[in-house]
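Take a look at the structure set out below.
Residues: numbered from 1 along the sequence shown. Quick caveat, the model's predicted, so the values are computed rather than measured. Reckoned from all heavy atoms, side chains included, excluding hydrogens, waters and symmetry mates.
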Amino acid sequence: MIDPPSPGLTSTLFDLNLCAPADLKRCRRLVKRLAYDVPAFDSIWLDALLQARKLTRFQAQILESAQADRLSVGPCVLVDQLGHGVQSTTYLARRREGSEQVVLKLMDRPLESLEADLEQLSELASRLRRLSHSSAVGPHTALRHGDRLVAISRHVPGPHVGELMVRRGRFAPDVVSSIGRQLLEGLAALEALDCIHGDIRLNNVRLTASGHAVLVDAGVRPAITPELTILSRVQPDR
């Protein structure tokens with residue numbers, strides 16, 4: 001007899017739409033093999049769901065750490081962590097209702113400026129909902145999650161240029177020219193909406209499988225830090 005997952009884990013899996021009762025039933029044979037001669041702890045069920053591709057490794061780690069509330073942010077469920085900065089963390093997420101994937105950025109802001117920052121970010125999102133150009137992406141939804149700001153944007157699948165340069169080295173001149181032309185078109189589309197990107201760097205340029213260059217995170221940085229900053233030294237990737 002295989003021990004079922006705990007009521008708490010079962011409730012979380014179903015509430016977040018991470019799996020269905022039928023998925024747990026299909027995993028029983030795998031759980032039996034993984035448990036062997038020990039009780040089927042929740043960690044074994046999580047490992048089975050991971051192997052069955054019902055959970056990502058990121059989700060399984062969060063659930064095992066008993067911090068399941070971290071997976072739910074506004075209307076979304078976190079799928080994986082994409083990046084991390086000093087004041088923000090970026091995730092791949094999906095909407096709780098449906099399967100649409102989005103990019104969700106959680107930002108730490110001073111508590112005293114949180115409401116003003118949210119107002120600026122919401123105004124940006126309202127403008128960028130009219131953005132239809134394929135070479136620029138910015139937030140279409142802004143909200144507050146506890147003491148943090150949340151910006152939700154369209155997901156652009158593909159690696160960022162910084163990652164590709166580490167893998168492959170310097171790009172050929174014709175590739176650089178093609179990327180540059182596409183990014184300029186994206187910047188022109190942003191300017192038409194009275195928006196500047198404000199954070200152009202290698203990690204904010206993604207390349208799709210078809211070789212299309214896309215500027216992501218448009219307008220986020222100047223929306224929450226609008227003051228002009230003069231930098232004495234600028235890193236090469238910016």
[Y] and [X] side chains, donor-acceptor separation under 3.5 Å:
X    : Y    : result
T56  : D80  : no
T141 : R129 : no
H212 : S135 : yes

Residue among K105, R201, H197 satisfying side-chain hydrogen bond (donor to acceptor under 3.5 Å, both in side chains) with D217: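 Answer after filtering K105, R201, H197: K105.
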
For the pair [X] (side chain) and [Y] (backbone), establish whether a donor and an acceptor sit closer than 3.5 Å, ignoring hydrogens and angles.
X    : Y    : answer
Q182 : A213 : yes
Q59  : L71  : no
S113 : P110 : yes
R109 : Q87  : no
R53  : L55  : no
S178 : D174 : no
T12  : G8   : yes
W45  : D3   : yes
S88  : G85  : no
R221 : D199 : no

Taking NZ, NE, NH1 and NH2 as the nitrogens, is one of them in R167 or E163 under 4.0 Å from a carboxylate oxygen of the other?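 Looking at E163 together with R167, the answer is yes, because their closest N to O distance falls below 4.0 Å.
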
Could you measure the distance from the [atom1] atom of [X] to the [atom2] atom of [Y]? Nearest 0.5 Å is fine.
X    : Y    : atom1 : atom2 : value
R127 : C195 : CZ    : SG    : 5.5 Å
L193 : L124 : CG    : CG    : 10.0 Å
L49  : I44  : CG    : CD1   : 12.0 Å
H140 : I152 : NE2   : CD1   : 6.5 Å
S11  : L16  : OG    : CG    : 8.5 Å
E64  : D47  : CD    : CG    : 8.5 Å

Are any of the side-chain heavy atoms of [X] and [Y] separated by less than 4.5 Å?
X    : Y    : answer
D15  : S72  : no
L30  : Q51  : yes
L46  : F41  : no
L114 : R144 : yes
L190 : E185 : no
L104 : V73  : yes

Between [X] and [Y], is there shared hydrophobic-cluster membership here, with clusters defined by ILVMFWY side-chain heavy atoms closer than 4.5 Å?
X    : Y    : value
L215 : L131 : yes
L164 : I179 : yes
I200 : I224 : yes
L50  : L18  : no
L106 : F58  : yes

Using the rule given for side chain to side chain contact (heavy atoms under 4.5 Å, CB included), can you reason through V220 versus M107, listing the C-alpha separation, both sets of side-chain angles and the distance that settles it, and then say yes or no? CA-CA 10 Å; V220 174; M107 293 169 280; 3.8 Å; yes

Heavy-atom pair of closest approach, residues [X] and [Y]:
X    : Y    : result
S134 : V214 : O-CG2, 3.4 Å
Q101 : H155 : O-CB, 3.6 Å
R154 : A136 : NH2-O, 4.2 Å
A48  : C27  : O-SG, 4.0 Å

Tell me if the [atom1] atom of [X] is crowded by more than 12 foreign heavy atoms within 6.0 Å.
X    : atom1 : answer
R29  : CZ    : no
E119 : CD    : no
Q81  : CD    : yes

Between C76 and V102, does the side chain to side chain contact (heavy atoms under 4.5 Å, CB included) criterion hold? Intermediate values first, please. CA-CA 9 Å; C76 299; V102 296; 3.9 Å; yes

List the steps and the verdict of side chain to side chain contact (heavy atoms under 4.5 Å, CB included) for V77 and Y91. CA-CA 10 Å; V77 175; Y91 299 93; over 6 Å; no

Test side chain to side chain contact (heavy atoms under 4.5 Å, CB included) on L202 and M165 and set out the steps. CA-CA 9 Å; L202 297 184; M165 288 194 71; 3.9 Å; yes

